[in-house]
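Comments concern the structure below.
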Protein chains: 2
Amino acid sequence: MNSKNPTPAVTAKATISGAEQSLEPLKLGTRLRQFRKQRDWTLEEASRRTGLARSTLSKIENDQMSPTFDVVQKLVKGLEIDIPQLFTKSNLPQNIGRRALTRHGEGTPHPTATYEHELLCTEISNKRMIPFKSVIRARDITEFGELVRHNGEEFLYVLEGAMTFYSEFYEPVSLSAGDSLYYDSGMGHACVSTSPEDAVIIWISTPNSH
Amino acid sequence: MNSKNPTPAVTAKATISGAEQSLEPLKLGTRLRQFRKQRDWTLEEASRRTGLARSTLSKIENDQMSPTFDVVQKLVKGLEIDIPQLFTKSNLPQNIGRRALTRHGEGTPHPTATYEHELLCTEISNKRMIPFKSVIRARDITEFGELVRHNGEEFLYVLEGAMTFYSEFYEPVSLSAGDSLYYDSGMGHACVSTSPEDAVIIWISTPNSH
DNA sequence: GAAATAAGTTTCCTATAAGAAATATTTGAT
DNA sequence: ATCAAATATTTCTTATAGGAAACTTATTTC
């Protein structure tokens, strides 16, 4: 991002702040000013890029008015900021510098009828990815009442054994150790082991946004 | 999400549409209506929850006006929708049912001075996670001019060998096969191999929102 | 340090967003 | 089908957003 970060040494323990989910009014104006300044743009420049009047921009930045949605869109386009960033309270709120380690076999067990999950790195929450290691117990697609589906995306990497990935829109595909797969988990899906030993995979899921 | 999805069989090949990043006006209204209907709420109900007038909601949903920013915020809060979801163009636009498979060793090579990356599942873009498999060539922290940092989060799982994870806010930590680590990648970080053979890891990164 | 230029703010006006109430439409009973 | 209740849309009014230009406040330049 910004270029002046010496940071050669590795020091200081982290100060991990707890997860905060407050509902503050969200200072849009201040935020926008940050972005503009960051890019070293003048109001004039910003006006040129967004197609909005200097005065309008000024008022917005000073929280003297609430822009309409299409103005917000012009802002976002023109100032090249992405919206989530705009809405998410502050840039580096709670998650700065946090870290979680899980030793081999030390994850949180979470067995189901068809999978034997081991949740990894659970001590931090609000993650953008949910990692786990799973033993695939299922041996036949019929063991799943219906295919699993939940909004989001998933990635899996086969650690041991062999398995078949069934999904709603594709033919079943066989995977073995070292193969990987990325898919939309909103599409119905299920895994079954095909090797003598149950297959073991690393599975990463994005948290479902509803 | 909605409950009536029989989907027992596994049929039909997918129609994977290409990555589209168009700059459409973004049908906010239609979108909102979707959300409201999904929850089976009446305009009255929505009005109660958001504190906005029924009429206002109606007009917004019918794209008859562009709501102000603070109204948008009330909507987001009241209708319990999260923003990325709202702004990311349509819920099931292009990404529905897409899938990518990468066979063992068939990823896209991407060598650097310190790592030997193999990008996985690259044929689909706009992913919410970027997976790769990496051989850690670095043998000493000094090989990194300065620690790597980029907004987002990362997860890694050690496949083979042993390594040490250096970071800005923590003491170095040693990992070996089977261990996993989740961290904020905005915090400076770097990996070095410590085993006779170079360590190999699965690495998943979230795309940097700037 | 004064004049000139550039950056930011305020004023004023017109277009439009937001709420209240009236009207229209849909849904569901009998 | 008919009526009634519920739900959605339209009208009407007022409060306010957004642009043009005047004004004020930094920054240069000489």
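None of these values were measured; they are calculated from a predicted model. Residue numbers start from 1 in every chain, and the chains themselves are labelled A, B, ... in the order their sequence lines are given, proteins ahead of strands.
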Worked check of side-chain contact (heavy atoms from CB on, under 4.5 Å) between L120(A) and E106(A): CA-CA 8 Å; L120(A) 305 175; E106(A) 306 272 304; over 6 Å; no
Stepwise ring pair (Phe, Tyr, Trp, His ring centres under 6.0 Å) test for Y183(B) and F165(B): CA-CA 11 Å; Y183(B) 57 94; F165(B) 179 83; 4.6 Å; yes
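Atom pair M65(B):CE and dT11(D):P shows a separation of 15 Å (rounding to whole Å applied). Across the protein-nucleic acid pair, L75(A) atom CG and dA17(D) atom C1' stand 13 Å apart, rounded to whole Å. Between the CG atom of N62(A) and the C1' atom of dT25(D) there is a distance of 13 Å, rounded to whole Å. Rounded to whole Å, the distance from CG on D70(A) to C1' on dG18(D) is 11 Å. For L52(A) and dG18(D), the CG to C1' distance is 9 Å, given to the nearest whole Å. Look at CD on E61(A): it is 16 Å from C1' on dA17(D), rounded to the nearest Å.
Taking 3.5 Å as the limit, the base of dG19(D) and the side chain of K59(A) contain a donor-acceptor pair of atoms between them.
Within the nucleic acid shown, S58(B) comes within 4.0 Å of at least one base atom, counting heavy atoms only. Residue-level contact check: S55(B) touches the bases, meaning some heavy atom is under 4.0 Å from a base atom.
Between Y115(A) and W203(A), a ring centre-to-centre spacing shorter than 6.0 Å is recorded. With ring centers used as reference points, Y166(A) lies 6.0 Å or more from H189(A).
Between T194(B) and T164(B), the shortest heavy-atom distance links the atoms CG2-OG1, 3.3 Å. Pairing each heavy atom of L147(B) with each of S167(B), the nearest pair is CD1-C, 4.1 Å.
Taking 4.0 angstrom as the limit, T56(A) places none of its side-chain polar atoms (N or O) nearer than this to OP1 or OP2 of dA17(D). At dT16(D), none of the side-chain N or O atoms of Q64(A) fall inside 4.0 Å of OP1 or OP2 (strictly under the cut-off).
Checked by atom type, the side-chain pair E154(A)/S205(A) shows a donor-acceptor distance below 3.5 Å.
Residues I60(A) and E44(B) each lie close to DNA chain D; by heavy-atom proximity, the contact nearer the 5' end of the strand is made by E44(B). For the pair G51(B) and R54(A), nearest-nucleotide mapping onto DNA chain C gives the more 5' position to R54(A).
For DNA chain C, the contact window with chain A, defined by any atom under 4.0 Å from a protein heavy atom, covers dA7(C) to dA17(C) in 5' to 3' order.
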